[in-house]
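Just so you know, these numbers use all the heavy atoms, side chains as well, and skip hydrogens, waters and symmetry mates. Here, residue 1 is the first one in the sequence, and each next residue gets the next number.
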Amino acid sequence: MSGALHKGHRARFRQRYRETGLESFADHEVLELLLFYCYPQRNTNDIAHRMLREFGSLPHLFEADVETLVARLGCSENIAVLLNLMPAIAKRYFNKKWGEKIILDNPKTAGEYAQSLFVGLTCERFYVLSVDARNRLNHASLISQGTLDEAAIYPREVVKAAVHNQASAVILAHNHPGGTLKPSRGDLEVTRQIVTGLEFINVIVLDHIIVAGDAYYSFAQRRQFVAGYG
């Protein structure tokens, strides 16, 4: 690609982003745009395609550690750090965006907040979101952290978190790093156990949110086990 053509291509990409955001960009184009700021004079289209072939997807690329990126891509440490920063920046952004006393009174808000808890994670985690009588978040308690495939969930730990954080109600949230949104048999059973356990202390379960990638599954939307938002 000649210098003038190369410069024009980058200018068109930046203008397209300013006009439409990233919605119209394919994954390799998102990466190509990011790499403009790593490779001032090179054709980043080819580099972006090679990176995605090596890791399979943007999440897998961004979630790799710096040493793995350098080893598998043959890139500099600076470039590897930039790629690795993407999930961490996104998580910091979401955490700051939500601020204090978030109101979680519907599946959409609860689902989007739950998504922010799992940005960039490759292992399964389970949170209990304790809310007051007006559905304002008191605390997001990390109950368990597991391997890529599973996390051990103990209903008594959920009860303890609800009591400690003076919850009127709770929202359960966990992620499926493997990418499937469908609740497992274990997900259904532990939800039932937690709902039953919390009944003894007059705390209701509003929802159970499962997050996979950029999507979420709400038990409340499907009227499964939980009380819903009223």
| query | With a 4.0 Å cut-off, would you call Glu189 and Arg185 a salt bridge? | reply |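 Result for this pair is no, no salt bridge flagged.
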Can [X] and [Y] be counted as having a side-chain donor-acceptor contact under 3.5 angstrom?
{"X": "Glu32", "Y": "Asn45", "value": "yes"}
{"X": "His176", "Y": "Asp187", "value": "yes"}
{"X": "Asp27", "Y": "Ser57", "value": "no"}

In the structure I gave you, are the side-chain heavy atoms of [X] and [Y] within less than 4.5 Å of one another anywhere?
{"X": "Ile143", "Y": "Ser141", "answer": "yes"}
{"X": "Ser144", "Y": "Glu157", "answer": "no"}
{"X": "Arg125", "Y": "Leu117", "answer": "no"}
{"X": "Lys182", "Y": "Tyr217", "answer": "no"}

Specify the closest pair of heavy atoms between [X] and [Y], including all atoms of both residues, with the distance to one decimal.
{"X": "Ser130", "Y": "Ala167", "value": "CB-CB, 3.6 Å"}
{"X": "His9", "Y": "Phe36", "value": "CD2-CZ, 4.4 Å"}
{"X": "Glu124", "Y": "Pro177", "value": "N-CG, 3.7 Å"}
{"X": "Ala110", "Y": "Ile171", "value": "CB-CD1, 4.2 Å"}

| field | Test: Arg14 cationic atom under 6.0 Å from Tyr17 six-membered ring centre, within 45° of axis | value |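 Geometry flag: not set, cation outside 6.0 Å or 45°.
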| query | Is atom CZ of Arg72 surrounded by more than 12 heavy atoms (other residues, nucleotides or ligands) closer than 6.0 Å? | reply |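 Count over threshold, so yes.
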Atom [atom1] of [X] and atom [atom2] of [Y]: how far apart are they, to the nearest 0.5 Å?
{"X": "Met51", "Y": "Leu31", "atom1": "CE", "atom2": "CG", "result": "6.0 Å"}
{"X": "Thr122", "Y": "His60", "atom1": "OG1", "atom2": "NE2", "result": "9.0 Å"}
{"X": "Ser24", "Y": "Glu29", "atom1": "OG", "atom2": "CD", "result": "7.5 Å"}
{"X": "Asp132", "Y": "Arg136", "atom1": "CG", "atom2": "CZ", "result": "4.5 Å"}
{"X": "Leu22", "Y": "Leu33", "atom1": "CG", "atom2": "CG", "result": "7.0 Å"}
{"X": "Leu129", "Y": "Asn138", "atom1": "CG", "atom2": "CG", "result": "10.5 Å"}

For residues 203-214, run the donor-acceptor check on the side chains, cut-off 3.5 Å, and write out each pair with its distance to 0.1 Å, sequence neighbours left out.
residue	atom	partner	partner atom	Å
Asp207	OD1	Ser218	OG	3.2
Asp207	OD1	Phe219	N	3.1
Asp207	OD1	Ala220	N	2.8
Asp207	OD2	Ser218	OG	2.8
Asp207	OD2	Tyr229	OH	2.7
His208	ND1	Thr191	OG1	2.7
His208	NE2	His174	ND1	2.9

| message | Lys108 vs Glu112, test: side chain to side chain contact (heavy atoms under 4.5 Å, CB included). Steps then yes/no. | response | CA-CA 6 Å; Lys108 183 175 186 296; Glu112 290 176 354; 2.7 Å; yes
| task | Keeping the roles fixed (side chain from Arg192, backbone from Phe225), state whether a donor-acceptor pair exists under 3.5 Å. | result |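 Looks like no, no N/O pair under 3.5 Å.
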Joint hydrophobic cluster, [X] plus [Y], side-chain heavy atoms closer than 4.5 Å:
{"X": "Ile201", "Y": "Val195", "value": "yes"}
{"X": "Tyr37", "Y": "Phe25", "value": "yes"}
{"X": "Val30", "Y": "Leu35", "value": "yes"}

| task | Any chance you could lay out the salt bridge (charged side-chain N to carboxylate O under 4.0 Å, His left out) test for Glu19 and Arg16, step after step, and finish with the verdict? | result | CA-CA 5 Å; Glu19 291 175 353; Arg16 178 179 159 198; over 6 Å; no
| said: Assess the residue pair Thr109 and Ile103 against the criterion (side chain to side chain contact (heavy atoms under 4.5 Å, CB included)); give the C-alpha distance rounded to whole Å, side-chain angles, the decisive distance to 0.1 Å, and a yes or no. | reply: CA-CA 8 Å; Thr109 304; Ile103 298 176; over 6 Å; no
| task | Would you please test Leu188 and Gln224 for side chain to side chain contact (heavy atoms under 4.5 Å, CB included) and show each step? | result | CA-CA 9 Å; Leu188 297 173; Gln224 293 177 290; 4.0 Å; yes
Using residues 75-90 as the side-chain source, report each donor-acceptor pair under 3.5 Å to any protein atom, sequence neighbours left out, with the distance given to one decimal.
residue	atom	partner	partner atom	Å
Ser76	OG	Ile79	N	3.2
Asn84	ND2	Ala64	O	2.9

| Do Phe55 and Phe62 make the cut of ring centroids closer than 6.0 angstrom? |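 Not under 6.0 Å, so no.
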| said: One pair to check against side chain to side chain contact (heavy atoms under 4.5 Å, CB included): Tyr113 and Ile102. What are the steps and the verdict? | reply: CA-CA 9 Å; Tyr113 178 75; Ile102 312 153; 3.3 Å; yes
